[in-house]
Amino acid sequence: MAAAHEPNARADAASVLDYDAIIIGAGISGMYQLYRLRELGMRVRVFEAGTGVGGTWYWNRYPGARFDSESYSYGYSFSPELLQEWSWSEHFAGQPETLRYLNYVADKFDLRRDMQFRSRVVAAHYRESARSWEVTLHDGSRHRARFLITAIGPLSAPTLPRVEGVDSFAGQSFHTAKWPHEPVSFVGKRVAVIGTGATGVQTIAEVAKTAGHLTVFQRTPNWCKPLHNGPIDAQTQVRIKANYPEMFKRCQETFACFIHTPDPRGTFEVTPQEREAFLEKLYATPGFGMWQGNFRDMLTDREANAVVSEFVARKIRERVKDQKVADKLIPKDHGFGTRRVPMETKYYEVYNQPNVLLVDIKETPIARITPKGIETSAADYEFDIIIFATGFDAITGSFDRIDIRGLGGLRLKDKWASGPQTLLGVQVEAFPNMFMLVGPHTALGNIPRSIEYNVEWVTGLVRYMRERNLTCADARPDAVEAWTDYVKAMGTGLLSNEVNSWMTGVNSNVEGKQTRIIARYSGSAPAYRAWCDAVAVKGYQELALA
Ligand SMILES: Cc1cc2nc3c(=O)[nH]c(=O)nc-3n(C[C@H](O)[C@H](O)[C@H](O)COP(=O)(O)OP(=O)(O)OC[C@H]3O[C@@H](n4cnc5c(N)ncnc54)[C@H](O)[C@@H]3O)c2cc1C
């Protein structure tokens, strides 16, 4: 347990610390960071709000939850033994399988003994005199460590819509990211789904299979693309396991760590026939290829983007029988790929079912949620179940929910009031010894690939400090400025930065998040790693080390 008093001298500091490092979160990031810090012989504690490991895959148990990354490209790459032991059953595994996988990893590496579940961190304050962090849990207990590592997830702070009566519904209601551990039956039930983002699209396609009646409340349609999932047969399994080194090497080389990467050709450098054939091929290819592997100018050139958008719009019109409904499902305010592209399995066909209704809440906004159901400006709907597929306060949301204070009591939330500023997405100036995994302005993409890199970089820094008896690492302001400028430069010219989405920091369900910011790093993953590697190789001159 933590000492109640502030130590007087730094020399005493180590003796009163409970741990060398505290990690917040037991998802993919927290699990791997624990593994690596243990190798350095450190005393580490992981505090996790949930009752088990897995993060995203622990919380998001909603029907239809599954990968958009190819399963084998998503799993950890650090252990060849693990890679050979684990066999993914599908090209895009469902949530139960991924959660089983992460539990298997936790067992294999005996991770749970340093983890404390049901432990939500409510505050983390830097103690300058002791060069350490004091972390407070929701039960009031306090714990001290030299290093604080946040592994709290870019998509882990769920949000509800800001409408009157949101808590008043008398039937069953669920947020997709707080789904119960017990099965929920929709058979014969009147079900509402609010939200048509990546999660909503997966949920809707699954719920429509059994619901008595399904009403979908859509504010912003998204450009969705068929996932084309399927089982992995024995022969393919052998091939996948034999090819892991090459596959991960490819993920290191591609723009966003996926197995897909942009085609070097420009949209208008090929004949219309070649273009059409290429787009058909991408539409029929499993996974994110249509988004991540399209013509190189698809996300920067308005006309190129319009060609792809029109292609997908045509597909929607072909798949949905009622053309008025099809029209509502076709996005008008953004082009294909400029927001996160939901992957779907027979999503559009759902709207051909007689028991499914699409309500456009831009036309007829939700006025309130009532004990019986949902009232829009045009009608009252009664339901047995309401599902909120309303997503997350992304990227900075999980930070905002913790009272994080650095030097002089500076609040992180205040520091980031007009948008995050970081060094490499890992450090924030005036928050010494705090390292963020998958923090704002880090490379994302196929996220576990970025997580492994982040973890290894942080581990390298910690090792460097311990070898030299250094106890304090703070980001230098000029280095933060340089990185922030680079992040901004990388976003220049991207069509996605002209669109409201969690990627531009806009969330109408969250107060104060109505203005676009540069919320994420949108350069390539190799460029990100090159910058980070250079900082390490030159002895971390971008950090003030003491
Ligand atoms: C439905 C869904 C599907 C996705 N599919 C893909 C995909 O196909 N490919 C891809 O690359 N990415 C995908 N992602 C992104 C996914 O979040 C990352 O791939 C990855 O799981 C992030 O891991 P993490 O450990 O960094 O964060 P998380 O998995 O979010 O884990 C963070 C953990 O921190 C805990 N935590 C947060 N705050 C606190 C606190 N204050 N105190 C204690 N504990 C706290 C949370 O409870 C959680 O367990 C998906 C996300 C969602 C929501």
Side-chain angles (χ1 to χ4, degrees), residues 22-34 45-71 73-76 91-95 98-99 101-102 115-124 135-139 143 148-158 175-179 197-203 227 229 251 256-259 287-288 292 340-343 389 391-395 397-404 425 436-439 442-452 454-455 502 525:
I22 287 175
I23 299 171
I24 315 175
I28 293 178
S29 301
M31 290 169 67
Y32 186 42
Q33 186 66 76
L34 168 61
R45 193 71 168 164
V46 178
F47 293 117
E48 164 58 54
T51 61
V53 298
T56 289
W57 307 103
Y58 166 89
W59 293 104
N60 291 267
R61 296 164 190 249
Y62 61 84
R66 69 172 61 250
F67 284 146
D68 293 330
S69 298
E70 285 72 8
S71 311
S73 78
Y74 186 98
Y76 289 113
H91 286 273
F92 302 89
Q95 172 274 332
T98 308
L99 186 57
Y101 166 74
L102 292 170
M115 292 179 167
Q116 190 172 315
F117 298 106
R118 297 185 177 82
S119 299
R120 179 165 291 282
V121 173
V122 294
V135 161
T136 308
L137 303 186
H138 69 289
D139 64 6
H143 310 263
L148 174 68
I149 300 178
T150 63
I152 53 184
L155 298 170
S156 67
H175 190 288
T176 47
K178 289 190 173 172
W179 201 263
T199 286
V201 164
Q202 290 183 333
T203 307
L227 178 65
N229 189 23
C251 291
C257 309
F258 289 101
I259 58 172
F288 271 150
Q292 298 293 328
R340 163 68 151 89
V341 175
M343 295 284 113
F392 303 93
D393 183 0
I395 300 184
S398 47
F399 289 90
D400 289 348
R401 291 179 186 195
I402 305 173
D403 176 21
I404 300 177
M436 302 177 292
L437 303 174
V438 203
T442 194
L444 293 173
N446 187 19
I447 293 182
R449 304 282 65 79
S450 300
I451 287 174
E452 284 188 339
N454 261 184
V455 166
W502 64 260

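Worth knowing before you read on, the calculation uses all heavy atoms, side chains too, and leaves out hydrogens, waters and symmetry mates. In listed order, ligands and their atoms are each counted from 1.
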Student: Any donor-acceptor pair under 3.5 Å linking the side chain of S71 with the backbone of A93?
Tutor: yes
Student: Under 3.5 Å, is there a donor-acceptor pair between the side chain of H175 and the main chain of G391?
Tutor: yes
Student: Of all the atoms in ligand 1, which lie at a distance below 4.0 Å from a heavy atom belonging to D68?
Tutor: 7 (C), 8 (O)
Student: Which ligand 1 atoms are under 4.0 Å away from a heavy-atom of Y74?
Tutor: 7 (C), 9 (N), 10 (C), 11 (O), 12 (N), 18 (C), 19 (O), 20 (C), 21 (O)
Student: Answer yes or no for A157: is there a heavy-atom contact with ligand 1 below 4.0 Å?
Tutor: no
Student: Main chain of F117, side chain of S119: is a donor-acceptor contact present, judged purely on distance under 3.5 Å?
Tutor: yes
Student: Only counting residues at least two apart or in another chain, list the ones meeting salt bridge (Lys or Arg N to Asp or Glu O under 4.0 Å) with R45.
Tutor: none
Student: State whether the shortest distance between N or O atoms of R340 and N or O atoms of ligand 1 falls below 3.5 angstrom.
Tutor: no
Student: Angle class for the F288/F258 ring planes (parallel below 30°, perpendicular above 60°, tilted otherwise)?
Tutor: perpendicular
Student: Is the backbone of A65 close enough, under 3.5 Å, to the side chain of Q95 for a donor and an acceptor to pair up by distance?
Tutor: no
Student: Could you check whether any heavy atom of G445 sits closer than 4.0 Å to an atom of ligand 1, since that is the contact criterion I want to use?
Tutor: yes
Student: When you check the side-chain N and O atoms of Y62 and Q202, is any donor under 3.5 Å from an acceptor?
Tutor: yes
Student: Is the closest heavy atom of I28 to ligand 1 under 4.0 Å?
Tutor: yes
Student: List every atom of ligand 1 that sits less than 4.0 Å from any heavy atom of F392, numbering the atoms from 1 in the order shown and giving each element.
Tutor: 53 (C)
Student: Using a strict cut-off of 4.0 Å, indicate which atoms of ligand 1 neighbour a heavy atom of S156.
Tutor: 30 (O)
Student: Identify which of W57, F258, F288 has a heavy atom lying nearest to atom 6 (C) of ligand 1.
Tutor: W57
Student: Provide the number and element of each atom of ligand 1 under 4.0 Å from a heavy atom of N446.
Tutor: 11 (O)
Student: Given V53, I152, T98, which one has a non-hydrogen atom that is nearest to atom 38 (N) of ligand 1?
Tutor: I152
Student: Out of all atoms in ligand 1, which are within 4.0 Å of some heavy atom of F47? Include the element for each.
Tutor: 43 (C), 44 (N)
Student: Please report whether ligand 1 has a polar contact with L155, defined as an N or O pair separated by less than 3.5 Å (distance criterion only).
Tutor: no
Student: With a cutoff of 4.0 Å, is S398 in contact with ligand 1, counting heavy atoms of the residue only?
Tutor: no
Student: Out of G52, A26, G153, A49, who is nearest to atom 43 (C) of ligand 1 when you count heavy atoms only?
Tutor: A49
Student: Quick check on contacts: which atoms of ligand 1 are under 4.0 angstrom from a heavy atom of I451?
Tutor: 23 (O), 26 (O)
Student: Going by the atom numbers of ligand 1, which of them fall below 4.0 Å from some non-hydrogen atom of V438?
Tutor: 26 (O)
Student: Who gets closest to atom 41 (N) of ligand 1 by heavy atom: T203, V121, V455?
Tutor: V121
Student: Can you tell which part of L444 has a heavy atom less than 4.0 Å from ligand 1: side chain, backbone, both or neither?
Tutor: neither
Student: Under 4.0 Å and counting heavy atoms only, is there anything from the protein next to atom 12 (N) of ligand 1?
Tutor: yes
Student: State whether the side chain of Y76 and the backbone N or O of I28 hold a donor-acceptor pair below 3.5 Å, judged by distance alone.
Tutor: yes
Student: When you measure from atom 29 (O) of ligand 1 to every protein heavy atom, which one gives the shortest distance, and what is it?
Tutor: T56 N, 2.7 Å
Student: Side chain, backbone, both or neither: which applies to I447 and ligand 1 if a contact is any heavy-atom pair less than 4.0 Å apart?
Tutor: both
Student: Could you tell me whether a side-chain N or O of N446 sits under 3.5 Å from a main-chain N or O of S73, the two making a donor and an acceptor?
Tutor: yes
Student: Partners of F92 by ring-ring contact (aromatic ring centres under 6.0 Å, His included), sequence neighbours excluded?
Tutor: none
Student: Give me the ring orientation class for W57 and Y74: parallel if the planes are under 30° apart, tilted from 30 to 60°, perpendicular past 60°.
Tutor: perpendicular
